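Structure first, then comments.
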Amino acid sequence: MAGRKIGKGLYLMQINELLYQFIRSELEDAVGGENVSTRSSDLLVHSVDYFFVSRMWEDRGKNTPQPDFVVRPGSAQEVSKVLKIANYYQIPVTTWGGGSGSQGGALPVAGGIVLDTKRMNRILDFNPNSMCVTVETGANFQQLEWYANERGYSLMHYPSSMNCATVGGFLAHRGIGVLSTKYGKIDDMTVSLEIVLPNGDIIESSPVPKHAAGPDLAQIFIGSEGTLGVMTKVTLRLYEKPETRRFRAFLFKNVTDGIACGRDILRKVKPSIMRLYDEAETVSIIKEVLGFAAPGAFMNIAVEGMTEIVDIEERIILETCAKYEAQDLGHEYGEKWWDSRVTFFYPGHALDLPKMYGTLDTVATYDNIEKIYHAKKKAIADNFEGVRYIAHFSHWYEWGCMIYDRFIMDHPPEDAVECIQLHNRIWNVSVRASLANGGVVNDHHGVGIKLGHLMKEQYGPGMQVFEALKEKLDPNHIMNPCKLGL
Amino acid sequence: MLSEKANKTVKACRFCWMCRHLCPIGLKTGRENNTPRAKGILLDMAGHGEAYSVSMAEDMYECLLCGACAAGCETGFDPRIFIREARTKAVVEDVVPDYVQAVIDNLTETGNLWGIPSEKKAEALSPWSKDKAEVILYAGETAALKTPQMVETAAKLLAAAGVDFATLRDEPSSGAMLGDLIGYVDDTAACAKILAEAIASAGAKTVVVLDPADANVMKQEYPQWGIELGADVVTATAYFAELAAQGRLNPAKVTVADATYHDPDRLARDLDETQPARDLLAAMGIAWKEMFFNRDMVRSCGEQAVKAHSPKIVALTAAGRWEDVDRCGRKTVITASPSDYEILSADIPKGYAVEDLFALLAKACGL
């Protein structure tokens, strides 16, 4: 065996040069010599993903966790061959799409193989009759969206990372886009899935999602972050581009009113965008909108679709907001925000080192979401000097909404180890505040290595279901070790 | 050692993938290292003490310098700044890959990427070479040595328009390819000075440049190096469009079925010029359909320096551009760059065609 068992099914690569060369030969035989790399620059590039700790670690000059091989399969069949080899030699396998996840899910912390999926980027079927598109999971999402746009359609999945992420990455962590209130999360948009199991078997989920043929196989793998297998092909929903998209902004007296109004709106209509900012975040926004400071909670809403339906939805929203005495701030902010919504994620605009920061997102029912907001805000204020907390509520359902809250520390410790320890303490306190008040470990960024240790705290005995799946599907524990708490 | 500007750009790009969706090489190879982010983080790691290896240098050379990443950056960072400097660093630290060094050696010894004896270029341009002229037609090495018919076409058009023009005897290199391969360093500037002297010696008031890569370095970089040409540098597309607008060229209608137009990336992005070619197409009555990635969103088909040292990469990027042609439902791609014409012509899919804009113009003018 190539790995040394150091814990419950975890192997670290520890092999001699001879065996290494045999493994390399087998991998090259599986995917082609030009698609297996041990070049130092390939290994280095795959040792840092978008996770804050990963970036901080590199920024401080620390050794980043490199794989031993970068393997780039071009098909599900090649993935199957690679996983069979990995199982035989008990080599860890970490799937890497865009590497743009924020939870450390793509980091090859145990070495082994990084399975870079980006050769699998073909659009296989574009089907306007059934309003779906079938694509390999290594495809860049923006390129897929443009392909649909050329034909007059859209996938309506607009996370800010769509420039850099792969289709598979969004599936791996149950991603969300800014229009999700109307169109759903990526799991809602999935019609069917092809997966390669750790033993190399290639399986298909049901061809359609809404059935009574047992549990939903696709949903078992969506959100599994590469720990149960490799998703290689997906059929996603297509949408017609809306005839109209209309924005409106409001200033509520406080967050409580804003949340209550959002809840009331969702009982009647589904806006595509609804973003309610807490009082702290509102301060800077409202100055821009009104030209002067004003207290309250700012909300940006959009409705879209057929014009005659949008007219009705807009009227309902105006009436509902009026009940809460919200000040109508017109449509300009929303339109400007829409045009520049991705700008916030470019260097110079996005949060970046030397600051320490994290998005603490969670989701809960309307009974609990405000409690969570106050609990986390207090937990951070009480425990961490010099750490700010800001929040907005941005993806809404009939039963509740999510909170997109962040902590920001302008001057974190210089020492990398101190920094990581403080970072992890902040996360523990924040997530536990969510869990204690009916929230979840994470809303849409996933779990990765960052939050894996908190999964059992959320699920309790329910965790054994995931663990049983993991034991059955991946008995050698080669798939993305140390992630998802598995 | 990278410059302060390059370092600042490295720090910006090292963790950012927001231009990944635009890189023509990355989109075709699927390799993580074919992204500006990968190059940024490797240089950052080199700054922390990681050895700047041949492996890293190889990645720095797998870039067309097409500017798609820079055009797509909302903040305005340009990864090409550190990529060029990284190539200089590779030269200084003697880690240039052998296959790239061979091309650099060709350039320094013969003035062209392919090691073709320099006399061949002079020979190709000799029909039009004179000591003095108002207008110099600057052919560039790709046109002179790989697509000489484009030089002949340009010459015919100039003559038909009554322009007093000449090509330079022993036309010196502009430094464009050298700058791409080793960076904008003294050697590159020295190359540019030789050309500047030749142009001055010819007494030219205007330099009409056939290849956008040459035009770009003359217009954008020469002033930075303190090189004054003493003549206006005009792209061939802009010059011929102006001649047509003045009535000095009178194109009739020509038919090109199923046409689309490919913007040369240096022309569209670096020189911000997309309309003159379109004016010429319209003047000839050619109906074309725009590709999805057009104008400053153009997907580059490749670059001559990369083709010289890594032909497989450019075969992929050219194939990518043919896919774009196919996606817009057209069969004939028209382009206005000797480099792009040569790259697209190297492997034309069955049933497709590539046309030179200037050849069409000559045909339309009855030449």
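Note on naming: letters A, B, ... go to the chains in the order of the sequence lines (proteins, then strands), and numbering restarts at 1 for each one. Because the structure is predicted, anything quoted here is derived from the model rather than measured.
Residues B:Leu22 and A:Gln142 have side chains not in contact (no heavy-atom distance under 4.5 Å, counting atoms from C-beta outward). You'll find the side chain of A:Leu353 reaches within 4.5 Å of the side chain of B:Arg14, heavy atoms only. In this structure the side chain of B:Phe77 never reaches within 4.5 angstrom of the side chain of A:Tyr346, judged on heavy atoms. You'll find the side chain of B:Arg20 reaches within 4.5 Å of the side chain of A:Asn140, heavy atoms only.
Taking 4.5 Å as the heavy-atom cut-off, the residues of residues 30-46 of chain B that approach chain A are B:Gly30, B:Arg31, B:Glu32, B:Asn33, B:Arg37, B:Ala38, B:Ile41, B:Leu42, B:Asp44, B:Met45, ordered by number. Among the residues in residues 311-329 of chain B, those with a non-hydrogen atom closer than 4.5 angstrom to a non-hydrogen atom of chain A are B:Arg327.
Taking each heavy atom of A:Pro347 and B:Ala12 in turn, the nearest pair found is CG-O, 3.3 Å. Nearest approach of A:Leu44 to B:Glu50, heavy atoms of both residues: CD1-CG, 3.7 Å.
Of the atoms belonging to A:Thr64, it is side-chain heavy atoms, and not backbone ones, that fall under 4.5 Å from chain B. Only the side chain of B:His48 has a heavy atom closer than 4.5 Å to any heavy atom of chain A. Interface residue B:Phe15: backbone and side-chain heavy atoms are both found under 4.5 Å from chain A. Proximity to chain B involves both the backbone and the side chain of A:Val342, based on heavy atoms less than 4.5 angstrom apart. Neither the backbone nor the side chain of A:Phe141 comes within less than 4.5 Å of any heavy atom of chain B. Heavy-atom distances place no part of A:Asn35 under 4.5 Å from chain B, backbone and side chain included.
Around atom NZ of B:Lys5, no more than 12 heavy atoms belonging to other residues, nucleotides or ligands sit under 6.0 Å away. Environment of CG in A:Asp339: crowded, with over 12 heavy atoms of neighbouring residues, nucleotides or ligands closer than 6.0 Å. Applying the 6.0 Å contact sphere to CG of A:Asp125 captures more than 12 heavy atoms from other residues, nucleotides or ligands.
Side-chain atoms of A:Thr343 do not come within 3.5 Å of backbone N or O of B:Glu74 as any donor-acceptor pair. The closest donor-acceptor contact from the side chain of B:Ser55 to the backbone of A:Ser41 lies under 3.5 Å.
Within the model, atoms CE of B:Met18 and CE of A:Met162 stand 10.0 Å from one another, a figure rounded to the nearest 0.5 Å.
Using cut-offs of 30° and 60° on the angle between ring planes, the pair A:Trp96 and B:Trp17 is perpendicular.
Between chain B and the options A:Gln143, A:Arg119, A:Arg55, the largest number of non-hydrogen pairs under 4.5 Å is found for A:Arg55.
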